[in-house]
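My structure is below; once you've seen it, I'll send some questions.
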2 protein chains.
Amino acid sequence: MKNTALTGRHTAQKQLVLDIFRSTKRPLMAREVYNLARQERSRIGIATIYRAIRRMVNDKLLRPVTIPGETVYYEMSDADHHHYFHCCACQKVYVVPGCPGSMQALTPQGFKLERHDLVLHGRCENCARRAS
Amino acid sequence: MKNTALTGRHTAQKQLVLDIFRSTKRPLMAREVYNLARQERSRIGIATIYRAIRRMVNDKLLRPVTIPGETVYYEMSDADHHHYFHCCACQKVYVVPGCPGSMQALTPQGFKLERHDLVLHGRCENCARRAS
DNA sequence: CTCATTGCAAACGATTTGCATTCGC
DNA sequence: GCGAATGCAAATCGTTTGCAATGAG
């Protein structure tokens, strides 16, 4: 499958990083991508992962997802508007569809609202069951 | 002024960090606190700042403020529940009172919601006027 | 063949930790 | 005086960079 999305020279490493993001439905941090990538190609370096991610963010193929207290995650940027649920126990980040909306009501007079980030925190289903 | 809020032994260093947060109305990052603190007490170590901040966060005196792409900031947590407006042009962070609420509706089945963070992004009044 | 990309290791900035010293209680 | 807190340096963590080797076009 020819890939018109990747810029620069087409290498197996960049394709692998893109495939990993495509086939995973939750946001991933660099180390997760690195661990997944090494299952396919054990000699890949983590710097290559960071460089691929940086390029894909520049090209707007990926978008950073900032979770309070965690390192940056990334996800494919072609998805619909959505938010995140961060599990404080297992650190996984889940996508939650929908949006409470009405952000304009919070915006101060004269400010120009462009976007918003919302992160829910708690315990995911697995961790909620395991605890207590 | 006696300070009932600080836990553990009362030291000049912890008092200084608390005073700095009290007398500054915008969120501060550790290095800003360190720089301000050294003006008063040049031999203070940055580890002391981090330890003081960590303790105050544990004691709920401070609360971390996470801004996408920036290192963590902290602010006094005695204020009401609120959110932030991050100006993409001047990088200032503003407090916005109020909350859209209804986060429970977004939470997936079986997940246990504990808290949420919301950051609005756009242009503040000054920068909105200056641009376009 | 040429030059972008890679792998690896060293460098980096932010934060944490180990440890001997200091100082509140 | 005892033990918590400090200052300093070394360690750690996530990320970036320098550089020689590799490989895409």
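So that the names make sense, note that chain A is the first sequence line, chain B the second, and so on, each numbered from 1.
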Are any of B:R51's side-chain N or O atoms less than 4.0 Å away from OP1 or OP2 of D:dG7? no

Is any N or O donor-acceptor pair between the side chain of A:R31 and the base of D:dG14 shorter than 3.5 Å? no

Test your reading of the model: is there a side-chain donor-acceptor pair from A:T66 to the backbone of A:V72, 3.5 Å cut-off? no

Pick the nucleotide of DNA chain C nearest each of B:A12 and A:T48; which residue has the one closer to the 5' end? A:T48

Expressed as a whole number of angstroms, how long is the span from A:H10:NE2 to D:dT22:P? 22 Å

Report the distance from atom CD of B:E70 to atom P of C:dA14, rounded to the nearest whole Å. 11 Å

Do the ring centers of A:H83 and A:H116 come within less than 6.0 Å of each other? yes

Check: B:Y94 ring centroid to A:F111 ring centroid under 6.0 Å: yes

In terms of heavy-atom contacts, A:I20 and A:V33 come closest through CD1-O, 3.9 Å

Whether the side chain of B:R9 and the base of C:dC23 hold a donor-acceptor pair under 3.5 Å is what I'd like checked. no

For B:R43, which contact category applies under a 4.0 Å heavy-atom criterion: base, sugar-phosphate, or nothing? sugar-phosphate

Taking atom P of D:dT15 as reference, at what distance in whole Å does atom OH of A:Y73 sit? 10 Å

So, is B:T71 close to the C:dG13 phosphate, meaning a side-chain N or O under 4.0 Å from OP1 or OP2? no

Here the distance between atom C1' of D:dT16 and atom CZ of A:R55, to the nearest Å, is 16 Å

In whole angstrom, give the distance that lies between atom CE of B:M56 and atom P of D:dA5. 14 Å

Would you indicate what B:I44 reaches in the nucleic acid, counting non-hydrogen atoms under 4.0 angstrom: base, sugar-phosphate, or nothing? sugar-phosphate

Side-chain N or O of B:T11 versus OP1/OP2 of D:dT6: is the shortest distance under 4.0 Å? yes

Nearest-Å distance, NZ (B:K14) to P (C:dC23)? 15 Å

Of B:G8 and B:A47, the one whose nearest nucleotide on DNA chain D sits closer to the 5' end is B:G8

Can a side chain N or O of B:Y50 be found less than 4.0 Å away from OP1 or OP2 on C:dT16? no

Closer than 3.5 angstrom, by distance alone: can the side chain of B:S42 be matched with the main-chain N or O of B:R38 as a donor-acceptor pair? no

Ignoring hydrogens and geometry beyond distance, is the side chain of A:R41 in donor-acceptor contact with the base of C:dG7 at under 3.5 Å? no

How many Å lie between CG on A:L6 and P on C:dA4, as a whole number? 18 Å

Any A:Q13 side-chain N or O less than 4.0 Å from OP1/OP2 of C:dG7: yes

Tell me whether the side-chain N/O atoms of B:R54 come closer than 4.0 Å to OP1 or OP2 in D:dA5. no

